[in-house]
There are 2 protein chains.
Amino acid sequence: MSNTKVLPLLEPADGQGVVPCCPPLTERPMTAEEAETAARMFKALGDPVRLRLFSAVASHEGGEACVCDISDVGVSQPTVSHHLKKLKEAGLLTSERRGTWVYYRVEPSVLAAMGKLLALPTAA
Amino acid sequence: MSNTKVLPLLEPADGQGVVPCCPPLTERPMTAEEAETAARMFKALGDPVRLRLFSAVASHEGGEACVCDISDVGVSQPTVSHHLKKLKEAGLLTSERRGTWVYYRVEPSVLAAMGKLLALPTAA
DNA sequence: CACTTGTATTGATGAGCGTCAACATAGACA
DNA sequence: TGTCTATGTTGACGCTCATCAATACAAGTG
């Protein structure tokens with residue numbers, strides 16, 4: 001089934017890529033709604049196994065990797081699958097089946113938006 | 001008591017500020033140890049209330065705020081205190097009592113290190 | 001000293017999460 | 001069709017977490 005809920009940090013822009021959900025953390029206090037959205041992403045990265053999986057995908061050639069390439073993180077196969085699903089639901093990864101294998105990929109714009117969230121004040 | 005454990009993402013550098021714990025996520029797959037460290041920080045920001053508290057401190061004048069300035073986030077006072085403690089243990093905030101009030105502050109270098117962790121590959 | 005305000009801790013409760021074994025599904029190939 | 005490999009889902013278990021009321025601690029004021 002493909003009813004996996006995706007509640008991304010970002011919303012698709014008309015042109016290309018995505019647009020950040022929230023202003024930088026340091027710009028002004030986040031509202032409850034903004035915090036709810038952004039916390040979902042941080043939470044998804046808040047588990048060591050998920051962080052390794054995410055890093056493995058993000059650092060793989062072309063920003064994309066087969067599950068078989070990244071599943072050596074010390075937990076069982078169902079657990080890997082479970083964590084990848086969580087990362088997908090958080091909007092951090094997308095997946096696509098090509099023949100026998102399933103490939104996960106990270107949108108560069110997602111990384112960019114996360115970086116902006118943590119941006120330092122320009123003036124300093 | 002002041003035995004609050006602090007397990008920071010960063011370690012103090014000799015010169016000034018701090019040095020990042022880990023290479024950018026996209027550079028290479030994180031090791032288990034690196035992931036353990038970095039996930040602690042993401043986990044700390046993975047709760048909406050904590051994220052709002054952190055943002056409130058980070059965006060406050062001088063990167064510092066009294067608890068009384070930021071505790072209007074819709075939860076009880078003990079819960080606010082609990083979350084601030086968690087942020088402290090994650091190395092994201094420091095605190096200091098000055099007279100009646102307690103001030104929390106965020107190290108700019110911590111924000112910078114987090115940003116680097118999410119940095120995009122230079123070539124792209 | 002007593003009293004008030006600001007902040008931290010304790011203890012309890014209910015919800016959520018990470019993990020696995022077992023099973024299910026999808027595609028490739030003979 | 002049957003079988004093999006790759007991946008996802010189900011259900012259960014133990015543990016962690018977010019929250020609160022009650023209480024304790026700290027510092028100021030009278």
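Any value given below was found using the heavy atoms of this structure, including those in side chains, with hydrogens, waters and symmetry copies removed. Proteins get letters first, then strands, A, B, ... in listed order; numbering begins at 1 in each.
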Which residues within residues 73-84 of chain B lie with some heavy atom under 4.0 Å of an atom in DNA chain C?
-> Gln77(B), Pro78(B), Ser81(B)

Apply side-chain hydrogen bond (donor to acceptor under 3.5 Å, both in side chains) to Ser95(B) and list each qualifying residue two or more places apart in sequence or on a separate chain.
-> Lys88(B)

If only atom types and distance count, is the side chain of [X] paired as donor or acceptor with the main-chain N or O of [Y] below 3.5 Å?
| X | Y | value |
| --- | --- | --- |
| Thr37(A) | Glu33(A) | yes |
| Ser59(B) | Ser55(B) | yes |
| Thr31(B) | Glu34(B) | yes |
| Thr79(A) | Val75(A) | no |

Without decimals, in angstroms, what is the distance between [X] [atom1] and [N] [atom2]?
| X | N | atom1 | atom2 | value |
| --- | --- | --- | --- | --- |
| Arg40(A) | dG16(C) | CZ | P | 14 Å |
| Arg98(A) | dA6(D) | CZ | P | 17 Å |
| Tyr104(A) | dG8(D) | OH | C1' | 8 Å |
| Glu89(B) | dT16(D) | CD | C1' | 14 Å |
| Lys43(A) | dA15(C) | NZ | C1' | 10 Å |
| Phe42(B) | dC17(C) | CZ | P | 18 Å |
| Arg97(B) | dT5(C) | CZ | P | 16 Å |

Members of residues 46-72 of chain B that approach DNA chain D, where some heavy atom sits under 4.0 Å away = Asp47(B), Val49(B), Arg50(B)

Ranking dA6(D), dA27(D), dG18(C) by distance to the side chain of Lys86(A), first place goes to dG18(C)

Residue pairs passing the salt bridge (charged side-chain N to carboxylate O under 4.0 Å, His left out) test where at least one lies in residues 57-69 of chain B, sequence neighbours excluded | Glu64(B)-Arg98(B), Glu64(B)-Arg105(B)

Can you list every pair that meets salt bridge (charged side-chain N to carboxylate O under 4.0 Å, His left out) and has a residue in residues 41-59 of chain B, with sequence neighbours left out?
-> none

Watson-Crick and G-U pairing of DNA chain C written in dot-bracket, each distance under 3.5 angstrom, with | for inter-strand partners = ||||||||||||||||||||||||||||||

Does the side chain of Cys22(B) reach to within under 4.5 Å of the side chain of Met30(B), using non-hydrogen atoms?
-> yes

Can you check whether Val67(B) reaches Trp101(B) side chain to side chain, under 4.5 Å on heavy atoms?
-> no

Would you say Lys85(A) reaches dT7(D)'s phosphate, i.e. side-chain N/O to OP1/OP2 under 4.0 Å?
-> no

Qualifying residue, where the test is side-chain contact (heavy atoms from CB on, under 4.5 Å) with Met114(A) and the options are Leu118(A), Val110(A), Leu117(A) = Val110(A)

May I have the step-by-step check of side chain to side chain contact (heavy atoms under 4.5 Å, CB included) for Val106(A) and Leu87(A), ending in yes or no?
-> CA-CA 10 Å; Val106(A) 47; Leu87(A) 287 167; over 6 Å; no

